[in-house]
Amino acid sequence: MLDAKYLREHMDDVVAKFNKRGENVEELKNFETLDHKRRSLIQQTEELKQRRNEVSKQVAEYKREGKNADELIQETKEVSTKMKTLDEELREVEQNLQQLLLTLPNLPHESVPQGEDESDNEEVRTWGEPPIFSYEAKAHWELGTELQMLDFERSSKVTGSRFVFYKGLGARLERALINYMMDVHESEHGYEEVIPPFMVNRESMTGTGQLPKFEEDSFKIREEDYFLVPTAEVPVTNMHRDEILNVDELPIKNSAFSACFRSEAGSAGRDTRGLIRQHQFNKVELVTFVKPEESYEMLESLTSHAETILQRLQLPYRVMNMCTGDLGFTAAKKYDIEVWLPSYNDFKEISSCSNFEAFQARRANIRFKREAKGKTEFVHTLNGSGLAVGRTVAAIIENYQQEDGSIVIPEVLRPYMGGRTVIEST
RNA sequence: GGAGAAGUACCCAAGUGGCUGAAGGGGCUCCCCUGCUAAGGGAGUAGGUCGCGCAAGCGGCGCGAGGGUUCGAAUCCCUCCUUCUCCGCCA
């Protein structure tokens with residue numbers, strides 16, 4: 001959510017930034033109308049309320065003294081009636097204004113390259129070399145199925161498309177990666193571990209920006225106003241919703257494991273094979289809460305923590321700075337980390353690291369104080385995948401494959417795989 | 001799922017229609033006393049948010065949330081949420 005005061009006072013800047021994003025400016029005009037109306041109504045009702053309070057106090061006095069207060073009571077009665085009408089009008093205007101504010105996207109940071117779509121994203125750096133195969137490399141869904149690590153047929157029988165059974169060493173590998181990632185982030189990068197609820201309520205989904213605009217992307221529980229989490233970002237960021245944090249607590253760094261559930265509405269036909277685009281997948285997510293002046297530093301560090309995992313796994317990747325047109329709704333700046341996938345002969349997103357600045361904090365009302373008696377300020381929130389586990393499994397299978405169809409296990413994972421060095425068919 | 005109880009400021013807690021921005025205590029801050037500590041005496045302290053204003057300030061809201069009754073609600077009514085206890089069920 002954008003700051004209403006900022007919108008009011010710097011409309012030109014907001015318009016310019018909306019244009020950069022390719023965003024419709026029409027709503028901003030509606031904002032001005034509603035905002036103006038709201039303030040005028042507030043002034044009117046408050047004046048009446050003040051009058052009512054004064055007279056009510058007088059009535060009390062009269063009664064105590066045994067005087068007749070009928071005339072005063074008559075007056076407040078009238079004032080109260082008028083007040084209620086205005087109050088109702090105000091409530092409606094505020095609701096509309098709030099709804100409108102919830103649909104406005106974040107403003108891009110100045111270091112974000114301008115562009116229309118993913119082709120305008122800027123490559124920041126690359127790491128490692130894509131492997132060269134002397135034979136025809138296989139896709140992870142073929143190898144995974146052959147090695148009985150993955151079973152896509154039975155999962156579609158049991159559930160439907162875009163679900164998978166991990167089996168045998170496939171399940172073990174998935175679990176090894178979760179543990180390895182969580183361990184590194186906890187012991188080396190200083191994140192406090194969290195395993196959140198996998199369902200959240202509507203307020204939480206609104207707090208991080210999934211709602212109200214993107215309801216069709218999520219899975220809704222039928223009898224409860226709950227949603228399956230699309231990412232641990234939602235429960236973990238909302239952990240501190242409506243809180244005022246102490247400045248000594250900052251920065252808060254959490255690494256969270258969760259399953260993630262996405263309806264993938266609108267992606268029909270894309271990435272239909274393999275682990276890349278599932279309705280359910282596991283992810284280790286890094287979430288941080290920081291003082292505003294530290295958030296861009298944190299974005300770099302967060303991104304590097306995700307990169308560390310790929311480096312230790314020896315998986316080639318590149319880091320992209322998302323352009324204004326590809327930023328998404330909530331981010332002020334976003335890096336995607338893309339891992340090399342031989343089956344795609346291309347890089348594929350495996351982590352997305354974003355600085356939301358105060359956009360989520362304002363929605364979720366997450367604040368802090370620098371001093372006990374000081375003013376409250378909104379924190380900045382950030383998060384990044386560290387990493388998406390299913391896609392990591394896919395990348396390992398494909399990049400570590402050998403001509404005989406076996407998979408070498410990355411060295412750092414071997415202790416998590418019972419000391420095995422290779423996955424091969426038996 | 002059934003029965004019951006409760007939600008008041010940093011914490012505990014009083015308060016069933018007007019003088020309650022909210023008793024009392026704890027805590028916290030300052031002062032006094034005291035060789036130090038403990039104990040004691042005195043004074044002070046109350047969150048957040050919105051509107052107007054350059055500001056000082058003024059005003060609105062506020063006692064789990066949202067509605068309602070009333071001239072006036074922490075106090076009465078309705079709905080919801082959360083916590084606790086007992087019973088049932090269950091990984």
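To find a chain, count down the sequence lines: A is the first, B the second, and so on, and within it residues start at 1.
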Over how many whole Å does the gap from A/E61 atom CD to B/rG72 atom P extend? 18 Å
Is the phosphate of B/rG60 approached by A/N53 (side-chain N or O, under 4.0 Å from OP1 or OP2)? yes
Whole Å only: how far is the CG atom of A/D35 from the C1' atom of B/rC50? 12 Å
May I ask you to say what A/K77 touches in the nucleic acid, namely base, sugar-phosphate or nothing, with a heavy-atom cut-off under 4.0 Å? sugar-phosphate
With sequence neighbours excluded, what pairs up with A/M199 under the side chain to side chain contact (heavy atoms under 4.5 Å, CB included) test? A/I221, A/Y226, A/L228
N/O-N/O pairs, protein side and nucleotides 64-69 of chain B side, under 3.5 Å:
none

Nearest-angstrom distance, C1' atom, B/rA74 to B/rU69: 16 Å
Below 4.0 angstrom from OP1 or OP2 of B/rU49, is there any side-chain N or O of A/T376? yes
For A/H10, look at atom NE2 and say whether over 12 heavy atoms of other residues, nucleotides or ligands are found less than 6.0 Å away. yes
Could you work out the separation of B/rG66 and B/rU8 based on their P atoms and round it to a whole Å? 15 Å
Keeping to residues at least two apart or across chains, list the salt bridge (charged side-chain N to carboxylate O under 4.0 Å, His left out) pairs with something in residues 234-252 of chain A. none
Rounding to a whole Å, what distance do you find between A/K63:NZ and B/rG17:P? 14 Å
Pairing of A/R262 and A/D217 as salt bridge, 4.0 angstrom limit: no
Need one value for A/R51: base, sugar-phosphate or nothing, where a base atom within 4.0 Å counts as base even if backbone is also close, heavy atoms only. nothing
Tabulated below should be each protein N or O lying under 3.5 Å from an N or O of nucleotides 52-54 of chain B; please produce it.
residue, atom, partner, partner atom, Å
B/rC52, OP1, A/R39, NH1, 3.1

Report the nucleotide, chosen from B/rC50, B/rC61, B/rG59, that has the shortest atom-to-atom distance to any side-chain atom of A/R38. B/rC50
Pairwise P distance for B/rA38 and B/rC31, with rounding to whole Å: 15 Å
I'd like the C1' distance from B/rG7 over to B/rC12, given in whole Å. 14 Å
Atom-pair distance (CZ on A/R241; C1' on B/rU82), nearest Å: 13 Å
A/V15: partners by side chain to side chain contact (heavy atoms under 4.5 Å, CB included), with sequence neighbours left out: A/M11, A/N19, A/V25, A/L28
In whole Å, I'd like the distance from the CD atom of A/E47 to the P atom of B/rC61. 14 Å
d(NZ, A/K57; C1', B/rG59) in whole Å: 12 Å
Identify, with sequence neighbours excluded, every residue that meets ring-ring contact (aromatic ring centres under 6.0 Å, His included) alongside A/H380. none
In whole Å, I'd like the distance from the CG atom of A/L86 to the P atom of B/rG51. 17 Å
For RNA chain B, just give me the dot-bracket, please: Watson-Crick or G-U, both distances below 3.5 Å, ( ) intra-strand, [ ] crossing earlier pairs, | paired with another strand, . unpaired. ((((((((.[[[..)..(.....]]]((((((.......))))))..(((((....)))))..[[[[[..)....]]]]])))))))....
Per-pair distances, 0.1 Å, donor-acceptor, side chain in residues 174-182 of chain A, under 3.5 Å, sequence neighbours excluded:
residue, atom, partner, partner atom, Å
A/E174, OE1, A/Y166, OH, 2.9
A/E174, OE2, A/N282, ND2, 2.7
A/N179, ND2, A/R175, O, 3.4

Can you tell me how far C1' in B/rG42 sits from the matching atom in B/rC58, rounded to whole Å? 34 Å
How far, in whole Å, is B/rG18 from B/rC77 if one measures between their P atoms? 16 Å
How many whole angstroms separate atom CD1 of A/I42 from atom P of B/rG51? 6 Å
Those residues at least two apart in sequence (or on a different chain) that pass ring-ring contact (aromatic ring centres under 6.0 Å, His included) with A/H140 are none
P spacing across the pair B/rC61 / B/rA22, given as an integer number of angstrom: 15 Å
With A/R202, which residues qualify under side chain to side chain contact (heavy atoms under 4.5 Å, CB included), at least two apart? A/T206, A/L211, A/E215, A/K220, A/D225, A/F227
Using a cut-off of strictly less than 4.0 Å, decide whether A/T45 has a side-chain nitrogen or oxygen near OP1 or OP2 of B/rG60. no
Residues, nucleotides or ligands: over 12 heavy atoms within 6.0 Å of A/E9 CD: yes
Interatomic distance at C1', B/rC11 relative to B/rU45, whole Å: 15 Å
Which residue in the set A/K253, A/E186, A/H185, A/H305 passes side-chain hydrogen bond (donor to acceptor under 3.5 Å, both in side chains) when paired with A/Y191? A/H305
May I have the list of side-chain donor-acceptor pairs in residues 83-92 of chain A shorter than 3.5 Å, sequence neighbours left out?
residue, atom, partner, partner atom, Å
A/T85, OG1, A/T81, O, 3.0

Ranking A/I244 and A/S80 by the position along RNA chain B of their nearest nucleotide, the one closer to 5' is A/I244
Could you pull out all residues at least two apart from A/S304 that satisfy side chain to side chain contact (heavy atoms under 4.5 Å, CB included)? none
